[in-house]
Structures are given as structure tokens and as C-alpha cells.
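The first residue of the sequence shown is numbered 1, and numbering continues consecutively from there. Counting starts at 1 for both ligands and their atoms, in listed order.
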Amino acid sequence: MFMVRSRTSFVCQSCGAVSQRWQGKCEACGGWNTISEETAGAGIGAQAARGTKGKPFPLEGLNGVSAAAPRIVSGIAELDRVTGGGFVPGSILLMGGEPGIGKSTLLIQTCAALARAGSRVVYISGEEAVAQVRMRAARLALADAPVELAAETHVEDILATLAQGPRPALVVIDSIQTMFTDSVESAPGTVTQVRASAQALIRFAKTSGSAVVLVGHVTKDGQVAGPRVVEHMVDAVLSFEGDGAHHFRMLRASKNRFGPTDEIGVFEMTGAGLAEIANPSALFLAGREAGAPGAAVLAGMEGSRPMLLEVQALVSPSALGTPRRAVVGWDSQRLSMVLAVLEAHAGVRLGQHDVYLSIAGGLRINEPAADLAAAAALVSSLTGTPLPADCCYFGEIGLSGAVRPVIHTGLRLKEAAKLGFHRAVLPPPPGESREAPPEGMRLARATHIAALVADIAAAGSAHEEARPALRALK
Ligand code: TYD
Ligand code: MG
């Protein structure tokens with residue numbers, strides 16, 4: 001008699017590549033410690049091979065009536081905006097962010113707000129002791145909120161606890177990297193554990209109807225540590241960003257099955273926790289040094305919300321063979337393109353200059369409308385010509401030097417007018433649309449980048465003696 005030995009293979013838990021033996025590093029995706037042994041006789045397909053029959057289920061049409069997903073509204077408007085109107089019951093959301101950015105703070109504030117409004121809310125901390133969480137709550141003046149709290153990392157125990165009592169509206173797991181389940185043998189913190197724990201919690205969310213938030217740490221390059229697959233498993237991925245030097249924090253959805261992905265929530269880290277910033281433009285422009293060369297105000301958009309930001313440029317003769325190009329908060333490829341277009345189509349030679357570009361306030365922007373503001377800031381810095389303090393810029397620059405229309409012109413102008421701007425440099429209107437500008441707002445249509453450069457250079461020519469950099473212009 002002999003036994004059939006089940007065949008085993010080694011599968012990368014991050015990318016799914018199969019290798020013949022165990023390795024520390026997956027050759028396919030480069031992940032470390034992601035390979036684990038799996039029995040070939042298990043998994044989907046194996047059952048069919050053994051002849052087990054599935055149960056048929058009815059298929060349904062697309063136009064059936066399903067109740068609109070009700071929402072669990074936190075009352076923190078900046079958060080509710082990003083989730084698309086509140087948490088969806090039975091959904092699972094991953095909140096990523098670097099350590100210390102304020103994930104735990106935001107979530108304890110959210111829990112407290114919901115608990116005060118009468119919902120059952122459970123906060124499971126796998127990183128901090130109960131006393132630590134309590135201390136933070138006390139500091140945030142939230143200690144009286146009826147949040148149910150535990151410091152626990154064992155998924156089976158957590159699920160057993162959650163099964164008792166009424167169904168919680170919201171469960172926060174802080175963080176998924178600290179969780180472990182008995183269903184797999186790997187050590188806590190490994191990819192396999194993170195994935196299996198996430199799976200168990202997702203199953204809980206789907207079956208119980210509670211909304212579950214998983215906190216996830218991100219690695220240096222901005223990805224949620226652990227398997228990418230967790231991002232695919234959840235309904236929404238929010239990332240909390242901001243840099244240490246600034247107090248602003250931006251919450252962004254990079255995936256959302258129940259709402260938009262281009263909305264951002266803006267917060268400020270204060271001594272009393274995260275404060276909502278309902279009017280970010282005013283904040284981002286505060287402390288602006290109007291009249292300094294190299295700064296241009298962009299009338300930008302973040303999702304459906306207009307936002308005014310300062311684009312700062314510093315252009316200076318380079319002592320290096322290869323001049324430096326450094327960008328903060330914008331795309332360096334985009335900067336290279338704008339520089340190339342300025343050189344090719346407007347005669348602005350920056351090949352011997354170091355170029356630095358930064359978005360003030362620590363925000364990251366990625367809309368093409370920033371091109372025109374960036375170009376204005378660069379030329380302003382090169383020529384030492386301050387731009388008018390009451391003027392804002394937006395428009396995409398094409399490779400031919402033409403300035404191309406962007407969306408939401410009306411919203412941008414209205415926001416600019418609200419903040420006291422009287423002039424806007426913008427692309428020609430597309431087709432027929434010719435909306436009247438807000439009252440007191442003068443529009444300068446820039447059709448070509450050369451016109452913008454000529455205007456700025458003309459404004460600065462009165463001071464030519466004092467500004468030798470002007471000679472860099474043709
Ligand atoms: P935290 O929420 O613990 O970050 P994460 O969970 O993302 O790791 O936030 C920690 C930081 O926030 C810490 O550096 C201190 C700061 N902080 C404040 O400035 N004010 C506050 O009221 C709180 C609670 C934290
Ligand atoms: Mg934390």
C-alpha cells in the first residue's frame with residue numbers, strides 16, 4: 001500500500017509566481033519573505049477534481065431594485081467627502097499612511113464622533129496599549145465618548161468578541177500589520193498573515209454589515225506594506241499624506257467602489273488633534289510673500305473643489321556641469337516638459353541654470369492646469385520680475401507651446417474672486433463657451449507660452465539694470 005503524496009509548490013503571496021523551491025526573495029516581483037509553501041491538492045479546482053458538486057444559484061439582471069447604500073456619516077466633513085458621503089455598512093476600507101502622520105488620531109476622532117452620535121463603535125489597537133489610546137483620547141477631549149476599546153492582535157479573538165452584543169456600525173483595526181490569525185502558520189507581520197487576517201476581517205464586514213477600517217503602514221515608496229493584494233481585496237483605499245515640516249494633512253482616495261477618487265480632505269494637525277480645513281485656499285495662500293519674484297498662484301482643482309495654491313520657483317545660474325532640477329509637490333517629468341517648451345518656443349534658456357520648483361504648503365498636485373502657473377513662476381524667477389499679487393494662472397501647455405483649455409474654468413475663477421484676486425491668465429475658451437467672468441475679475445487669455453513670457457519680461461524690463469538675469473531671455 002502506498003499513499004499519494006500531495007504535491008507542494010512554493011507560491012509568492014504577493015505576486016502569485018510559482019517557484020520550485022523556497023527562496024527568501026521572489027524572483028518575479030522582488031518581494032522578500034513572500035514565498036510560502038502551498039499544497040497543490042488544495043484550493044479552487046481541487047474540489048471539482050474530486051467530484052464535489054456546486055449548488056446552482058439564480059442569476060439576476062442589471063436593473064433590479066437594490067436599496068441605495070445607506071451611509072454611516074461621521075460628521076467630519078473632510079472625511080465624509082473623501083469616502084463619498086460616509087462609510088458604507090458592510091464595506092471595508094484601508095487607510096494607509098506613513099507612521100506618525102495621524103491615522104490613529106483621525107480614526108479615534110472619527111470613532112468618538114460616531115459613538116457620541118449613538119452608534120456602536122469598536123476600536124481595536126494592535127500597536128498601542130489601552131492606556132496609550134486613552135491618554136490620546138483624553139488629550140483630544142474625547143474620553144467621554146462611548147467608544148469600545150481593546151488592545152488585541154489575535155483575529156479569532158477579535159471576531160469572537162465582535163460577535164457578542166449588537167452589530168457595531170464601525171470597527172477600526174489599527175493596524176492590519178499587527179494582526180495574526182491561527183488559520184495560517186506564518187509569523188505575525190508576514191505577508192501571508194496580513195493577507196489572511198485581512199481576508200477574515202473582510203468576511204466579517206460582509207457578513208455582519210459593519211463597516212471595517214483597516215489601518216495600513218506604507219513603505220518609503222508610498223505603498224501599503226504587505227501584499228498589494230490587500231488593496232485589491234478592500235472596497236476603498238484612502239491614503240493620509242503630508243510631510244513632517246507642515247501641519248497640513250491630505251486625505252485622498254486612490255480607490256473607492258462607492259464614491260469618487262479625486263476628492264481630497266484637508267486637515268491641520270493641531271495640539272488638539274486634527275482640525276478640518278473647510279477653506280484650504282485661504283490656508284495655502286496664508287503667509288504668501290506677494291511681490292517676491294518666482295511665485296505664481298495656481299487656480300487649481302482638487303476633485304470637485306477649486307483650490308488656490310502658490311507655485312514657487314527658484315532659477316539660478318548653475319555652478320555644475322549638469323544643472324540641478326528639483327521638484328517638490330509636482331511631477332518632475334512635467335517640469336522637464338515645461339522647461340523644454342519654454343526653451344524651444346519662447347527662447348527661455350535654462351540649460352545653465354539650476355531649477356527648483358515647489359508647491360507651497362506641502363500639497364501634491366498632478367493636474368495639467370498647473371503648467372501655466374509653473375511657467376509663470378519660472379520666468380518670474382529667472383527675470384527677477386514679481387508677478388502681480390492679485391493675478392492667478394491656470395492652463396495646460398502643449399508641446400507646441402500652445403496653451404490648452406482645462407476644465408472647470410468657472411469654478412476656478414469664482415474661487416479666485418472670492419479670495420480677492422482681480423486678474424487671471426488662462427487659456428482661450430474652448431469652442432463657443434464664453435462665460436462672463438465673476439465681477440471685478442479681468443481675464444487675460446494666453447494662447448501661446450511666448451505671449452506669457454513676453455508679458456512678464458515686459459513688466460520687468462524697467463528694472464533691467466538691476467536684473468542681469470533678464471539677458472537670458474532673447
Ligand atoms: P498618530 O495618529 O499616532 O499617527 P499614526 O497613527 O499615523 O502613526 O499621530 C502621531 C503624531 O501626531 C505625533 O507625532 C503627535 C501628533 N499629534 C499632534 O500633533 N496633536 C495631537 O493632538 C495628537 C493626538 C497627535
Ligand atoms: Mg497609529
Problem set entry | Side-chain (S380) to main-chain (T385) donor-acceptor, under 3.5 angstrom |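 Indeed, once roles are kept as given, a pair shorter than 3.5 Å links the two residues.
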Exercise. Between the side chain of R71 and the main-chain N/O of G86, is any donor-acceptor distance below 3.5 Å?
Worked result: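 Judged by distance alone, yes, a pair lies under 3.5 Å.
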Exercise. Can you name the side-chain hydrogen bond (donor to acceptor under 3.5 Å, both in side chains) partners of K414, sequence neighbours left out?
Worked result: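 So K414 forms no side-chain hydrogen bond (donor to acceptor under 3.5 Å, both in side chains) with any residue.
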Problem set entry | side-chain hydrogen bond (donor to acceptor under 3.5 Å, both in side chains) partners of R324, counting only residues at least two apart | none
For this session: Pull up every protein N/O/S atom sitting under 2.8 Å from the Mg ion (ligand 2), skipping waters.
Result: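 Atoms qualifying: S104 OG.
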Problem set entry | Over-ring placement of R412 relative to F394, 6.0 Å and 45° cut-offs |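 Yes, R412 lies over the aromatic ring of F394.
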Exercise. Between T178 and E127, do the side chains contain an N or O donor and an N or O acceptor separated by less than 3.5 Å?
Worked result: no
For this session: Sort out for me which residue in I365, L411, V406 forms a side chain to side chain contact (heavy atoms under 4.5 Å, CB included) with M301.
Result: L411
Problem set entry | Parallel, tilted or perpendicular: rings of F240 and F267 (30°, 60°) | perpendicular
Exercise. Which parts of the protein, at residue level, reach under 4.0 Å of ligand 1 through a heavy atom?
Worked result: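 Within 4.0 Å of ligand 1, protein side: E98, P99, G100, I101, G102, K103, S104, T105, R136, R139, L140, M269, T270, G271, A272, G273.
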Problem set entry | Note: K103-D174 ion pair, threshold 4.0 Å (strictly below) |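 Answer for the salt bridge query: no.
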